[in-house]
Amino acid sequence: MMRPLLAALLAASLACAAPARTAPPAAGTAPHRNQVPAAGPPPALRVPVPQRFHLPNGLEVRLVEYHRLPIVALHLVLDAGGTHDPAGRPGLAAFAAAMVTEGTRTRSATRISDEVGFIGASLTAGAGFDAAFVSGSSLSRHLPRLLELMADVTANPSFPKQDFARVQDQRRVALVQQRDSPGAVAAKAFAGLFWGSHPYGHWLMGTEASLEAMTPDDLRRFHAQRWRPGGASLVVVGDVEPARLRSMLETAFAAWPAGASEPAPAPAKPPGARQAVLVEKAGAPQTYVMMGMPGIARSDPDYPAVEVAFQILGGGTASRLFRHLREEKGYTYSTYARADARKLGGSSMVVGSVKAAQTGEALKAMLAEVERLRREPVSAGELEDARNALVLSMPSDFSTAAGIAGRIAEQVIHRLPDDSWQRYAEAVRRVSADDVLRVAQRDLDPARLTTVMVGDPAVVRSQLQGLPVGQVEVRPDPGAAVGPSRVGVGG
Amino acid sequence: MTLPLLASLALVAGPEPAVPEIAFQQFTLPNGLHVILHEDHTAPVVGVDMLYDVGSKDERPGRTGFAHLFEHLMFQGTAQLPKGEADRLIEAAGGSANGATSTDRTQYWEQVPTNALEQVLFIQSERMGFLLPTLDQAKLDNQRDVVRNERRQSYEMQPYGLAMKRVLENLWDPAFPYHWMTIGSHEDLEAATLDDVRAFFKRFYGPRNASLSIAGDIDPARVRALVEKWFADVPPSEALERDLPSPKPLASEKRVEMRDRVQLPRSYLAWQSPKDYAEDDAALSILGEVLSAGKSARLQKRLVMDERIAQSVAAVQHGQSLAGMFLVVVTAKPGEPLSRLEREIDEEMARLSREPPSGEEVQRAKNRIESQAIFGLEPVGGFGGRAAALNGYWMETRDPGYLAKDLARFLAVTPEQVSAAARRWLRPDKRVVLRVLPVEGGEPAAAGGKEPG
């Protein structure tokens with residue numbers, strides 16, 4: 001067993017003793033190395049156009065045939081997302097979705113899990129804000145069984161009492177655990193502060209109290225009202241032919257009665273007042289920073305220009321935030337900016353985890369990058385690189401079944417036409433420096449900035465003085481609350 | 001830049017081979033670099049994967065975190081590419097890229113549209129052959145800061161973030177390189193000098209210690225010529241002589257406790273287990289599935305579904321190059337004592353050691369594994385796509401096409417072998433049990449008691 005000192009000496013001697021590589025003679029490098037090779041003309045973007053048909057019950061189906069591998073990816077998209085949570089009942093949509101795989105009229109939760117497992121498939125259900133979904137994938141030879149299971153959980157969930165209690169407790173305890181996760185703590189605080197009474201202004205999973213108050217009947221009612229074929233779409237990508245698929249679907253979904261759900265009313269925009277909160281996490285070596293300003297909805301005609309702006313600001317390793325805050329200053333490992341463009345509105349996000357002692361410097365640097373984008377037109381080079389990054393990466397997005405299904409699902413949720421991806425590419429190519437300036441000034445407005453930080457007030461508070469974020473409210477550490485609220489032994 | 005904790009599941013073909021064959025060509029350059037090519041014209045994209053046979057297994061105590069720090073330094077510029085320029089080129093071409101360091105290997109991958117492949121080969125050859133002269137103190141200091149932030153973000157700021165560190169420290173003796181986490185320690189990172197880093201590069205980053213895999217929309221003859229063009233002037237290196245240690249076996253059970261800012265107590269049970277591809281590696285992987293994959297899996301059913309005393313439970317076999325680890329992780333519901341959870345886990349594992357799992361349980365595990373193998377072949381690039389898979393198999397078995405044989409060893413496992421493997425490897429008297437407890441409060445009273453105080 002080596003002692004540390006001996007080990008270090010041994011390592012050093014090993015390094016010396018290691019066979020030396022011949023030093024590359026400067027003049028001996030190949031002459032072509034002096035120039036970066038040209039990239040050649042990029043391939044044309046070919047976006048697959050789905051075949052569409054409807055089932056007798058009104059369910060729309062969008063199919064992209066993809067016979068490369070014997071697999072199929074399914075994505076059922078329903079207008080049953082968290083924006084439909086009634087006031088005072090946050091978490092209903094997500095809980096209802098999670099429960100559909102926990103028992104149907106003919107199958108127990110365990111039987112569903114076993115059947116899915118036995119065919120080596122996946123089947124999950126959940127909800128975001130803008131939609132609920134049931135997603136599955138399997139080898140194509142198991143597609144009939146997967147469709148049968150998918151239809152069963154979609155149309156016939158039974159919300160059995162014992163399974164309901166089990167999942168309710170699991171979700172409640174998961175919320176308890178989130179108290180210690182800086183990302184979740186920040187996002188929850190942000191949702192309430194930024195969105196307020198808007199349908200996005202709550203936590204998708206709800207609160208411990210709202211979960212405890214729910215009953216199986218609440219979920220049953222929600223499911224009956226919102227999980228209907230009219231207005232829903234099933235996206236299918238993979239190794240299946242249309243005629244066979246149609247016939248399988250008509251069999252599988254025969255028992256799902258026709259009907260549509262009421263659309264939600266259009267909400268008011270969030271106020272966008274400047275505000276700042278620091279949530280305590282004593283002793284934290286980093287500060288998690290989440291900043292947001294009013295932004296655009298996904299269907300906004302300025303979406304392409306906004307995407308270009310955020311690619312430049314914080315979209316990847318060539319972005320300003322990455323280069324400045326990480327590669328130059330070393331404040332952070334991870335920082336980014338993105339447009340969170342949803343169906344009913346959006347926010348412009350700037351996020352990073354920064355070394356606690358450099359929180360003030362890092363915030364100044366983030367705000368300076370925002371200000372620079374608002375003040376100075378971007379250079380021709382940065383603009384071209386950003387447009388290319390967005391457009392030329394698209395063929396890659398369409399190179400897997402899951403990737404294609406995801407892109408089509410996005411069109412479903414935001415009601416975009418089939419050629420929207422092609423049009424997006426064309427629009428991005430036309431975005432100018434003036435466009436970037438204009439959207440930066442409108443959608444990155446620091447006078448309407450919400451800042452949420454999770455970190456150690458003893459270290460961070462003094463660093464915030466003088467920063468243009470507004471008065472900072474300090475909130476106690478949610479993880480320091482007295483114990484998990486009760487013994488959750490259940491039944 | 002990222003540290004995947006678990007290696008991807010090994011893959012296998014069935015009696016009726018469901019996994020499509022991935023045809024490839026391979027050759028070795030005069031300077032020792034091994035090259036693998038696979039053609040797939042489904043989409044106009046190419047995945048490029050460069051693997052170096054170096055990881056934290058090659059570190060020494062006092063210099064932990066080096067392999068991963070070095071991975072970061074590979075992105076800091078070369079003779080022809082100023083810092084940041086390679087990133088810009090790849091993104092401006094519509095590509096993506098990343099790296100990862102494990103205990104055993106360091107991986108650099110890019111996925112780009114077809115027309116940008118030559119630029120990627122230029123970048124990878126620049127890094128291999130022409131990086132060192134441009135590596136300076138400023139770059140080292142900067143990436144040291146970045147890596148220390150990565151450690152803070154991914155480990156110190158996360159609930160249970162440092163638990164695995166304690167598990168590894170107790171599972172492996174201090175001379176065995178799996179004893180420390182690949183991210184290393186702040187002290188060791190601070191101690192790294194430019195000379196240390198240069199020596200590390202010279203020793204491990206030569207073409208003979210690397211292999212390059214390219215999969216996607218390529219014309220193999222043309223790409224071979226491009227590879228030869230760009231790597232011809234990368235100087236050769238000798239084959240590496242290295243003495244990789246074996247671990248000392250555990251002599252007894254080690255029980256360890258730590259406190260963390262968490263809400264729920266959690267236990268980690270860890271055993272030394274077979275290395276990747278060794279006998280019983282596949283049987284233990286299947287055991288992991290039988291224990292925790294799906295609602296009727298033994299531990300899920302008892303602890304999560306029926307008794308509801310666990311918030312979650314997972315069991316997994318993690319075979320690596322030098323050794324393996326079998327891990328069971330269970331998180332208690334509020335008020336449930338870890339002692340009860342551990343006792344019940346022991347009961348279920350003892351039961352499987354005595355009575356083999358059913359044919360159906362084992363078949364379900366095999367079906368999942370086979371399915372995952374096929375889905376894994378979708379992307380050409382990325383951490384786990386075709387280029388990476390071919391490369392990984394070559395590095396580990398010297399056969400890029402090992403997929404079918406790999407899958408076969410899983411499909412061949414019998415219920416009796418699963419049981420025997422559990423008996424052989426998962427002894428309660430030779431393991432580590434780490435308990436992570438909330439900073440306030442201790443173990444609740446036994447059987448249905450509330451949390452004290």
Side-chain angles (χ1 to χ4, degrees), chain A residues 1-2 4 7-8 11 15 18-19 21-22 24 29-30 33 36-37 39-43 68-69 71 109-110 113-114 117-118 120 139 166 173 176-177 179-182 285-286 316-318 323 326-327 330 332-334 353 355 385 388-389 392-393 395-396 399-400 479 483-484 487-488 490, chain B residues 42-45 60-62 80 84 87-88 91-94 111 113-116 118-119 122 129 142 145-146 149-150 152-153 156-157 159 175 199 202-203 206 232-233 235 237-238 261-264 294-296 308 311 333-335 364 367-368 370-371 374-375 377-379 441 448 450-451:
Chain A
M1 175 127 142
M2 284 189 268
R21 295 182 55 212
T22 49
T29 60
R33 192 167 284 286
V36 178
R68 176 187 183 225
L69 287 170
I71 61 177
T110 299
S113 169
D114 283 351
F118 206 81
L139 301 179
R166 170 177 54 80
V173 171
V176 168
Q177 287 188 294
R179 296 178 196 167
D180 294 307
S181 165
Q286 284 192 326
T317 57
R323 287 187 159 175
R326 175 176 144 150
E327 296 293 290
T332 180
Y333 164 66
S334 166
S353 294
K355 187 174 166 185
D385 284 351
N388 283 335
L392 300 180
S393 59
S396 207
S399 68
T400 63
V487 175
Chain B
T42 312
V45 292
R60 296 283 184 269
Q80 299 295 335
D87 296 336
R88 190 196 70 78
E91 285 185 7
Q111 181 166 295
T114 313
N115 61 305
E118 189 171 5
Q119 291 189 336
F122 169 70
N142 167 248
D145 283 343
V146 172
N149 273 315
E150 184 178 350
R152 292 175 190 118
Q153 179 179 321
E156 296 157 36
M157 287 290 281
K202 283 184 188 142
R203 181 158 158 71
D233 58 346
S237 59
E238 307 282 333
R261 260 149 0 147
V262 295
Q263 302 299 310
L264 304 176
K295 293 187 162 94
S296 65
R308 302 186 194 169
Q311 172 70 358
K333 287 279 202 186
R364 193 162 63 231
N367 293 347
R368 283 166 47 95
E370 186 176 29
S371 205
I374 296 174
F375 276 94
L377 294 174
E378 271 222 281
K450 286 192 182 217
E451 284 229 313

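Order of the sequence lines fixes the chain letters, A, B, ..., with proteins taken first and strands second; residue numbering starts at 1 for each chain. Any value given below was found using the heavy atoms of this structure, including those in side chains, with hydrogens, waters and symmetry copies removed.
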Query raised in the report: Among E156(B), E118(B), Q153(B), which has the most heavy-atom pairs under 4.5 Å with chain A?
Result: Q153(B)
Requested in this report: Return the minimal non-hydrogen interatomic distance between P43(A) and N115(B), and the atom names on each side.
Outcome: CD-OD1, 3.3 Å
Report summary line: Rounded to the nearest 0.5 angstrom, the CD-CG distance for E370(B) and L139(A) is 7.0 Å
Query raised in the report: So which of G294(B), A43(B), A116(B), P44(B) has the largest heavy-atom pair count under 4.5 angstrom toward chain A?
Result: P44(B)
Requested in this report: Mind ranking D145(B), V45(B), V262(B), T42(B) by heavy-atom pairs under 4.5 Å with chain A and telling me who comes out on top?
Outcome: T42(B)
Report summary line: Rounded to the nearest 0.5 angstrom, the OG1-CG distance for T400(A) and L377(B) is 13.0 Å
Report task. Measure across G117(A) and N367(B) and return the closest heavy-atom pair with its distance rounded to 0.1 Å. Result -> O-CB, 4.3 Å
Requested in this report: Would you mind telling me which of S371(B), P159(B), P113(B), A92(B) has the largest number of heavy-atom pairs within less than 4.5 Å of chain A?
Outcome: A92(B)
Query - chain A contact via A93(B) - which portion, at a heavy-atom distance below 4.5 Å - result: backbone
Requested in this report: Heavy atoms only: give me the nearest R33(A)-F122(B) pair and the separation to one decimal.
Outcome: O-CE1, 3.7 Å
Requested in this report: Identify which part of R323(A) has an atom lying under 4.5 Å from any heavy atom of chain B, answering side chain, backbone, both or neither.
Outcome: side chain
Report summary line: Between L264(B) and K333(B), the two heavy atoms sitting closest are CD2-C, 4.3 Å
**Report entry** Segment of Q111(B) engaging chain A (4.5 angstrom heavy-atom cut-off)
**Finding:** side chain
**Report entry** Interface moiety of P42(A) toward chain B, non-hydrogen atoms closer than 4.5 Å
**Finding:** both
Report task. Decide whether R152(B) and N149(B) meet the rule of one side-chain donor and one side-chain acceptor closer than 3.5 Å. Result -> yes
Query raised in the report: Where does R68(A) contact chain B at under 4.5 Å (heavy atoms): side chain, backbone, both or neither?
Result: side chain
Query - Interatomic distance, R166(A) atom CZ to K295(B) atom NZ [nearest 0.5 angstrom] - result: 5.5 Å
Query raised in the report: When only pairs under 4.5 Å are counted, which of S399(A), S113(A), S181(A) shares the most heavy-atom pairs with chain B?
Result: S113(A)
Report summary line: Comparing K355(A), E327(A), Q177(A) against chain B, the one with the most heavy-atom pairs below 4.5 Å turns out to be E327(A)
Query raised in the report: Using non-hydrogen atoms only, which part of Q119(B) is less than 4.5 Å away from chain A: side chain, backbone, both, or neither?
Result: both
Requested in this report: To the nearest 0.5 Å, tell me how far L69(A) CG sits from I374(B) CD1.
Outcome: 8.0 Å
Report task. Heavy-atom pairs under 4.5 Å with chain A are the metric here; pick the option from S296(B), A232(B), P379(B), G84(B) that has the most. Result -> S296(B)
